[in-house]
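Throughout, a chain's letter reflects where its sequence line sits, starting with A, and its residues are numbered from 1. A quick note: this is a predicted structure, and the numbers were derived from the prediction, not measured.
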Amino acid sequence: MTSADAPPHPAHRPSADAAPAPATPGKVAIWLFLATEIMFFTGLLGSYIVFRAGSPPTSYSNLYAPAAQLDRLKDARGVVLGAVGPDADGVAGAIASATGKGEAEVARILAAAPHGVVNGLDEKGAGELTAALGKLGAKAEAASLRTSNWPRPYDPLTNPLSIDLTTVNTFILICSSATMVLAVSAIQQGRKGRCSLFLLATLVLGGTFLGVQVFEYHELLEGRSYPIGISPTGHFTPEVSLFASCFFTVTGFHGLHVAAGVVTLAIVFLGSLLGRFSAQDFGAVEYAGLYWHFVDVVWILLFTIVYLI
Amino acid sequence: MIVRRRPVFGLWISLALAAGCSDADLTGPLAYEEQPGMTREVDGKSHLADKPKIREKARAVLAKLYGPNPKEIHVPEGAPFSKDESGTVGGLLANHLRTAEGPKRLPHAGGFALYRRHCLHCHGLSGAGDGPTAPFVFPPPRDFRRGLYKFTSTPNGARPDRDDLRRTVRDGLHGTSMPAFEALLTKEEIEQVLDYVTFLSVRGETELALIEEGFIGDDEDPDALEDDVVADLTSAVFGKWEDAADKVVDPPVARTPSSPESVRRGRDLFLGRTKEKLECAGCHGVKGRGDGKSFVDPDVFNRVVFRGDPSKMAERVAQLDEPTQELWKQKLDEWGNPLRPANLTVPVYKGGRRPIDLYWRIAKGITGAQMPAHYPGIDHAQIWDIVNFVLALPYQPELLEEPGVAAEAEAVRR
Amino acid sequence: MRYWSLIFALAAAFSVGAFAYAPFSPDWWLPNTVAEPGHVVSKAGREIDALFIIILWLTGGVFVATQAALVWAQFRYADRLDAEGKPARPARYFHGSQRLEVIWTIIPAGILVFLALYQMSTWADVKFRSAAPRTPVLAELTGRQFQWMVKYPGPDGKVGTADDLFTVNDLHLVKDETALIHLKSSDVIHSFFLPQMRIKQDAVPGMTIPVWFDCDRAGRYELACAELCGWGHYKMRGDVVVHETRAEFEAWQAAKLAEQGRSQVGEPEGETSEGDRQ
Amino acid sequence: MSDAHVHPRPRNPLTRYVFSTDHKVIAVQFLFSGLIFFAVGGLLAMIIRWQLAWPWRPVPILSKWLWSAPALGGQMPPEFYNKLFTMHATIMIFFVIIPILTGAFGNFLIPLMIGARDMAFPKLNMFSYWIMWPGFAFLLASFFVEGGPSEAGWTGYPPLSTDPHAAPGSLNGQTYWLLALLCAGISSLTGSINYITTVVMLRAPGMKMFRMPMTVWSLFITALLQAFALPVLTSALVMQLLDRTAGTNFFSPVGASVGNGPAVTGGGAPLLFQHLFWFYSHPAVYVMILPGMGIASDVISTFSRKPLFGYKPMVVALAAIAGLGFIVWGHHMFQSGMNPALGATFMVSTMMIALPSAIKVFNWIGTMWGGRIQYTSAMLNAMAFVSMFIIGGLSGIFMAATPVDIHIHDTYFIVGHIHYVLFGGSTFAIFAGVYYWFPKIFGRTMNEGLGKVHFLFTFIFMTGTFLFMHIVGWHGHMRRIPDPTVYEFLRAPGVVWMNQFMTICAFALGLAQVPFVLNFFYSLVAGPKAEANPWKANSLEWTTASPPPHYNFEDLPRVFHAPYEYSVPGGEEDYLPQTSPLPPNITLDPVMA
């Protein structure tokens with residue numbers, strides 16, 4: 001790697017204006033760091049793949065959260081409240097009298113419409129409640145307890161993830177990688193202004209990606225309410241299924257990495273504005289770029305495995 | 001080198017001495033824990049909070065009767081302990097295993113030593129159910145000091161027969177954290193443990209009786225807790241234990257053989273369809289899943305009991321809504337622990353799976369818990385029908401799943 | 001100086017001595033029946049013991065040889081000074097020997113590959129699911145904090161029906177008949193360990209794992225939990241009773257079933273055979 | 001710019017001794033914190049041994065303040081025993097052996113031995129030390145939370161570790177344990193990136209890869225192991241942490257009802273955690289022994305006054321151990337319910353890993369063969385390393401053999417094996433390293449007499465403590481049980497005797513460390529001043545002053561050969577520093593040296 005004649009130690013670099021060494025300690029370190037990151041994501045994504053390939057069918061139930069005792073509820077039915085209709089108080093009263101649920105819980109179910117799930121009923125109770133709610137002008141539908149395995153793409157009944165939105169987001173991230181390449185090549189040619197511009201573009205695109213992901217998380221966690229094929233609570237939270245656990249862990253850690261990347265880019269961008277980098281000294285830009293490409297590559301893998309398959 | 005060897009040699013000797021001394025396993029801070037009524041006010045119960053003189057007397061009486069600390073065991077006259085081989089009453093409490101060669105001191109022999117080794121980390125040194133592991137197990141370990149045990153063959157509230165305790169220790173209580181000791185202790189050792197548990201019970205009961213007696217007395221009365229008063233108290237305590245064997249409930253009517261008809265009759269009784277209007281489903285649920293409406297919802301129960309720090313259970317209860325909290329308070333057992341009705345769809349029976357065990361549970365209820373005695377309410381044959389039904393339910397879930405059964409039960413109950 | 005090598009020699013000799021003494025004391029050797037110290041009670045146990053002894057001899061030989069070489073080198077090549085305080089003997093200057101490196105790579109490699117392949121068939125016999133005996137299940141064994149719940153099929157021969165026989169910590173089987181057990185756990189990971197039969201298998205919640213073994217000496221053995229399962233891990237002891245004949249086993253089972261079906265206090269308590277220990 | 005890095009040592013004591021970026025100071029920090037935790041971990045081991053020899057007897061002195069609940073009457077609660085061995089293992093592995101070997105020796109030796117002025121990233125280096133402290137803090141804090149510290153064993157298998165009702169220690173303690181391990185992991189990761197970069201980029205002129213001392217090679221390969229395996233453990237720990245805190249369901253198995261609580265319905269796989277855990281933790285075993293091998297190689301060559309036998313084969317063997325180390329994790333799971341066919345393949349790879357270990361042992365003996373062995377304390381400890389590693393290595397073969405493993409898995413045989421590797425191996429290597437480099441680190445010499453007394457008793461009582469573990473192990477003695485006498489076959493007089501003998505030896509082993517502590521601190525303050533090269537050794541650290549100046553070398557040294565040219569024929573001295581060229585008449589065997 002290094003020969004005796006060209007000592008790599010900084011203290012022995014012949015002079016500052018000579019051509020940069022092919023590999024600097026920083027570059028070696030950033031590659032090593034990325035290698036450790038790859039192993040980390042291998043652990044997370046590998047677990048997802050293992051689960052997906054051989055998970056038990058009970059990993060997800062549509063009417064009850066995973067901690068519920070399903071053996072106690074074998075034949076349980078539920079009623080899905082599609083729309084509350086004009087008589088909210090009446091609907092609440094009907095649900096409360098049919099199930100004995102407390103006020104707070106009933107309010108939560110009403111709020112979750114069109115996917116409010118009334119669980120804890122048997123077949124007859126579910127039928128009666130459906131009919132009663134229908135009379136009150138609410139939209140209601142009886143559902144039976146099912147366990148389902150993994151969501152399929154483009155199936156709104158089992159999959160809460162919006163592939164279209166994420167495809168756009170993926171495109172944004174790929175674009176940001178491209179602008180990052182342009183930024184690095186600009187600074188290599190000594191074009192500082194152009195470098196700053198492309199760094200800014202990368203920063204903005206990265207921020208957009210992050211923003212879209214935050215929006216997606218918000219939608220999943222509380223913004224929308226999902227059919228019981230996805231979640232018994234109407235919200236897609238980490239505890240509702242093995243898929244949700246994996247999804248939030250994998251994308252969450254990726255999101256943290258993107259956030260770290262955005263902060264790094266912001267620092268590099270400031271440095272660039274202040275003219276810290278030159279055609280000879282652009283280590284920080286290059287390292288930030290390597291990291292950014294890594295984040296991008298991980299996302300492409302993740303998008304394929306988690307969203308598309 | 002020689003200089004270095006000496007301390008090592010000395011260490012060897014001192015270790016051997018410390019470990020080999022026959023009473024080395026009895027060192028440590030050994031003291032009985034007093035029941036709360038001894039020193040502070042207890043709501044609605046007797047206490048000696050404002051009677052320091054009587055308290056001192058009660059303490060002295062206890063120390064005299066049962067020994068001042070767990071290391072020194074006294075056997076009061078007439079105590080309901082079994083005899084050892086030499087005919088000494090209470091000889092099993094802290095004896096040292098008698099072998100063919102004669103008495104032999106073994107570190108882990110004798111009721112007290114065995115109790116220390118096998119029981120103490122849940123039930124505690126005083127039998128108060130407050131061992132260090134106790135907060136982490138559910139249901140919580142039994143407090144022996146009131147003489148009340150849940151799964152007995154004797155009438156509700158009576159002292160247990162020795163056989164009942166023996167069964168519990170030997171086979172464990174499936175569905176609780178009480179393990180079976182049959183494979184861990186010999187028959188003789190189990191007897192020794194039983195004696196020690198009885199000892200802790202009668203000691204605790206005597207303590208309670210002294211508190212009660214002192215509560216009505218005057219602190220300045222020099223004759224309070226006189227010897228003859230104490231003798232009356234203890235003989236009352238011992239008497240209950242002596243009587244237990246005579247009170248064992250033996251079904252006067254032989255078991256109805258399990259047949260589809262009997263099972264169906266049992267189901268109808270369970271669902272309250274008969275004229276007796278039993279309310280089993282109110283607690284055990286119309287599907288027998290232990291989720292009846294008179295009890296706290298199992299999901300809420302699980303959240304409170306099984307999610308998070310056990311020492312913060314009270315806080316979690318406080319967060320429940322008002323009616324649930326009220327219900328929660330009603331559904332505690334004698335010892336103040338939360339109760340949940342048995343899930344009858346799984347073949348797990350805390351009090352034993354023999355028909356006679358189930359008969360006892362149904363006929364005379366569960367001491368300290370909310371399962372009432374049903375005997376005079378329904379007759380023996382009907383009890384056997386319910387027993388047959390309960391035994392069949394885990395394997396024939398369709399019994400409660402026929403269309404309309406549950407709703408009908410619901411209607412009947414209303 | 002050179003006598004330091006004696007310390008190493010002594011430690012090695014002590015180790016060899018302890019391991020050499022071990023087979024002559026039943027307390028020190030692989031666990032066996034007390035009555036017949038030399039006898040291993042199960043077929044798999046005999047195979048495993050044979051493999052164990054082969055490895056013990058092999059590693060013992062290697063151990064003695066390497067320790068002898070080490071001690072000899074320590075003793076022989078200790079630095080000594082002559083009368084003038086100069087080293088009596090210079091150290092030899094060499095960097096190694098290709099031939100030696102090749103020899104001591106290939107020979108151990110051969111031995112290790114042999115060992116690995118030699119073990120395969122026993123491993124397959126004891127564990128491969130395809131090797132499981134096609135006999136009816138003796139019992140379903142469920143680990144639970146902190147005991148072993150045993151469920152035998154009742155007269156109908158099926159587990160999971162109303163006539164099942166339930167016991168706790170009490171596993172019974174018949175001499176010379178391969179016992180097939182379905183291993184489960186209801187809470188955390190436990191491990192089914194029969195020291196005398198040389199069987200060990202973790203019980204994992206959510207899985208049913210078949211385990212099979214046999215025993216050719218009637219008697220009472222011990223069942224232990226070998227995987228940490230909580231504070232009571234050490235007391236997950238079970239009894240394993242091997243009956244002389246199937247009739248004896250069936251008699252035991254019948255007595256147990258009768259006790260399980262007891263509905264009167266007064267019925268004579270059929271003293272279950274082998275029901276008491278000690 | 002050429003001498004821009006050679007600036008004076010900081011004056012401010014805070015930046016000089018505490019938040020120092022100097023690799024030598026950081027090494028000393030690692031050494032001291034490691035040794036302190038060694039004492040704590042050792043004390044825990046004593047209590048464990050006491051309980052095993054005399055179950056349920058109150059431990060003298062300690063029982064009063066370790067478990068004071070009046071309901072106990074001085075007797076150790078069984079869950080406390082579980083906490084003891086969990087904490088003993090966690091502390092010894094993650095806070096003693098790894099920090100001392102890679103943190104202390106790695107930091108001190110890598111720059112000095114390759115002729116660099118400091119690590120490639122001094123600030124990152126400082127970070128890798130200080131991130132240990134949150135780890136220490138979490139570990140110590142876990143003793144004071146409700147339920148006490150973790151008690152799921154150092155392996156932390158779910159669901160015992162994830163369900164709060166499975167064990168008191170799984171209530172809060174396990175969360176603290178996970179956080180402590182995550183901190184230790186980050187420390188190791190940043191450290192290893194630093195080491196690899198330093199070794200790759202900052203070698204002195206002429207220091208080719210195959211001129212590096214074995215110690216540097218071993219630390220380099222260790223760092224590679226950590227860099228590639230640790231992130232997987234991190235992912236497993238993170239998933240377990242989320243299971244415990246965020247309600248995810250990675251490892252809670254379907255149908256499990258812990259502590260009479262509700263059954264889990266939606267769930268993952270407990271075995272997956274084991275796979276992920278051992279994917280790191282098996283290589284971690286090599287992380288704990290490879291630097292020891294490097295240290296032993298250097299010490300043995302120096303004190304045999306003879307070139308290392310087969311330097312290049314030794315390096316290849318190191319690399320082979322590391323490489324094979326990645327594909328043998330399944331041998332921890334032979335009995336775990338994993339597919340037995342998988343077990344058969346893991347058996348073959350595991351058997352093969354014995355091969356490079358054997359090669360190393362033969363080479364060490366070959367190094368001593370024909371030498372002029374000087375019995376210094378360092379050499380004695382290094383020889384003990386070889387002697388004990390033979391036992392530790394050979395006993396591993398029993399476990400690699402799947403059928404035999406059926407019987408000895410989770411017994412004291414395993415405990416004996418790992419202690420022969422980690423105490424007989426790593427700890428003797430640590431002692432050898434401390435005796436060998438103490439003059440260089442602190443500029444003062446340790447007392448040889450006390451050093452030999454320490455060695456003698458440590459060696460004797462180490463054998464006494466751990467040898468019989470193999471025997472009780474193959475007799476069936478399960479590990480992690482506080483009371484073996486529950487079992488009839490473990491009530492045998494021989495087993496009881498061995499348990500008591502081991503305990504007495506363990507206490508003596510603890511006492512045997514007293515001369516070391518005295519020696520260490522006495523020499524630190526009042527030992528005779530050390531010369532630059534007290535052992536007449538070849539590698540670069542001995543060419544600079546003792547202790548080395550702030551930036552290590554006045555002028556960066558130029559290297560001409562590997563550090564093992566002792567007793568070169570025709571030389572005036574019996575050693576030839578790496579900075580001196582070889583005599584022209586010497587040609588080196590290109591395959592061996």
Practice prompt. May I ask you to test the A:W31-A:K27 pair for a side-chain heavy-atom distance under 4.5 Å?
Written response: yes
Item to complete: Heavy-atom distances under 4.5 Å only: say whether A:F41 touches chain D with side chain, backbone, both or neither.
Response: neither
Item to complete: For each of D:V238, D:L242, D:T234, D:T248, tally heavy-atom pairs with chain A at distances under 4.5 Å, and name the one with the top tally.
Response: D:T248
Worksheet, complete the sentence: Pair count under 4.5 Å, heavy atoms only, with chain D: among A:T36, A:T237, A:I38, A:L44, highest is A:T36
Fill in: Positive for ring-ring contact (aromatic ring centres under 6.0 Å, His included) with D:F273, one of D:F279, D:F250, D:F251, D:Y280
D:F251
Worksheet, complete the sentence: When the 4.5 angstrom heavy-atom criterion is applied to A:T42 and chain D, the contacting part is neither
Worksheet item: Measuring heavy-atom distances to chain A, does D:I193 have an atom under 4.5 Å in its side chain, in its backbone, in both, or in neither?
Response: both
Worksheet item: Sequence neighbours excluded, which residues qualify as side chain to side chain donor-acceptor pair (under 3.5 Å) partners of A:N159?
Response: none
Discussion item. Within the structure provided, determine whether A:V250 and A:H254 are in side-chain contact (heavy-atom separation under 4.5 Å).
Written reply: no
Worksheet item: Can you check whether D:F210 and D:W217 have ring centres sitting under 6.0 Å from each other?
Response: yes
Response to the item:
Okay, D:A227 and chain A: the region with an atom under 4.5 Å from a heavy atom over there is both
